[in-house]
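Read the structure below first, then the notes.
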Amino acid sequence: MAAQVGAGRTAQKQRTRAAIVAAAKELVGTGGEVTMPAIARAAVVSEATAYRYFPDLPSLISEALAGVWPPPAEALAPVADSTDPVERVAFACEFLLRGILARQGSVRAMIAATITRPDTVTTRPGVRFGLIDHALLPLENTLRVRDPEAFTQLKRDLAVVVSAEALFTLTDLCGLEPDQAVASAVRTATTLTEAAVRSLA
């Protein structure tokens with residue numbers, strides 16, 4: 001009997017946890033604001049219950065986003081045959097920023113949490129880095145070999161531009177519409193890449 005009760009409680013905990021994650025995924029998909037109280041309401045549990053399963057919002061959002069972003073090779077499949085790093089970087093940048101716009105409520109929540117609690121930064125997906133690495137594959141045997149420091153610096157530069165932080169700076173502080181902000185970031189990313197390619201000439 002005790003074993004049955006224990007199994008029942010375990011199953012109930014799993015259902016509750018799954019309901020919280022499902023509610024988070026649904027809210028993330030709307031692109032609107034994502035908060036722990038809103039997730040708890042959607043999951044029909046108390047906020048305290050949600051916090052018992054997830055210690056903070058970033059850890060919950062991180063689980064809700066698991067599997068949402070495709071692997072870099074899949075994301076860049078439309079430019080897989082291109083050997084032009086500029087074209088590949090432009091595609092990667094737009095892909096990431098469009099994805100961020102579609103999920104911006106959760107992305108903003110993650111950024112806000114990691115600014116106030118830097119120790120939680122590892123919960124952020126870090127999608128940009130895989131996309132940048134994959135986009136720059138054509139330079140692996142050229143720039144990376146000839147000038148490793150320049151190659152590393154290009155990756156750092158792109159990490160600043162191909163990012164949610166850059167996108168929100170352009171929309172929130174510069175007043176650009178989303179499409180304009182994406183175009184501006186893509187232009188900057190391609191300019192950086194073009195400069196690196198020119199250095200090989």
Side chains of [X] and [Y]: is there a donor and an acceptor less than 3.5 Å apart?
X	Y	value
Ser106	Arg103	no
Thr16	Gln12	yes
Ser46	Thr49	yes

Presence of salt bridge, Glu149 and Arg156, under 4.0 angstrom: yes
Carboxylate-amine/guanidinium contact Glu194 Arg187, below 4.0 Å: no
Any non-hydrogen side-chain atom of [X] less than 4.5 Å from a side-chain atom of [Y]?
X	Y	result
Leu143	Ser199	yes
Leu27	Arg41	no
Ile132	Val89	no
Tyr53	Val45	no
Asp133	Pro72	no
Leu101	Val182	yes
Arg52	Glu47	no
Val21	Lys25	yes

Steps toward side chain to side chain contact (heavy atoms under 4.5 Å, CB included) verdict (Phe151, Val145): CA-CA 9 Å; Phe151 185 67; Val145 174; over 6 Å; no
Would you compute the distance between atom [atom1] of [X] and atom [atom2] of [Y] and round it to the nearest 0.5 angstrom?
X	Y	atom1	atom2	result
Leu170	Leu173	CG	CG	9.0 Å
Ile39	Tyr51	CD1	OH	9.0 Å
Phe54	Met36	CZ	CE	8.0 Å
Arg88	Ser82	CZ	OG	6.5 Å
Asp157	Thr152	CG	OG1	10.5 Å
Leu139	Lys155	CG	NZ	10.0 Å

Report yes or no: do [X] and [Y] belong to one cluster of Ile/Leu/Val/Met/Phe/Trp/Tyr joined by side chain heavy-atom distances under 4.5 Å?
X	Y	result
Leu200	Val86	yes
Val197	Leu154	yes
Phe129	Leu158	no
Phe168	Leu96	yes

From CA spacing to verdict: salt bridge (charged side-chain N to carboxylate O under 4.0 Å, His left out), Arg98, Asp179: CA-CA 9 Å; Arg98 296 288 179 193; Asp179 286 347; 2.6 Å; yes
Neighbour count >12 (heavy atoms, 6.0 Å) for atom CD, Gln153: yes
Expected output: side-chain [X] to main-chain [Y] donor-acceptor under 3.5 Å:
X	Y	result
Ser62	Pro58	no
Thr171	Leu167	yes
Arg128	Ala159	yes
Glu140	Leu137	no

Taking all atoms of both residues into account, what is the closest heavy-atom pair of [X] and [Y], and its distance?
X	Y	answer
Ala75	Pro78	O-CD, 3.6 Å
Ala164	Ile111	CB-CD1, 3.7 Å
Leu97	Ser163	CD2-O, 3.5 Å
Ile20	Ala50	CD1-CA, 3.8 Å
Ser184	Leu176	CB-CD1, 4.2 Å

Side chain to side chain contact (heavy atoms under 4.5 Å, CB included) evaluation trace for Val34 with Ile61: CA-CA 9 Å; Val34 178; Ile61 292 176; 4.2 Å; yes
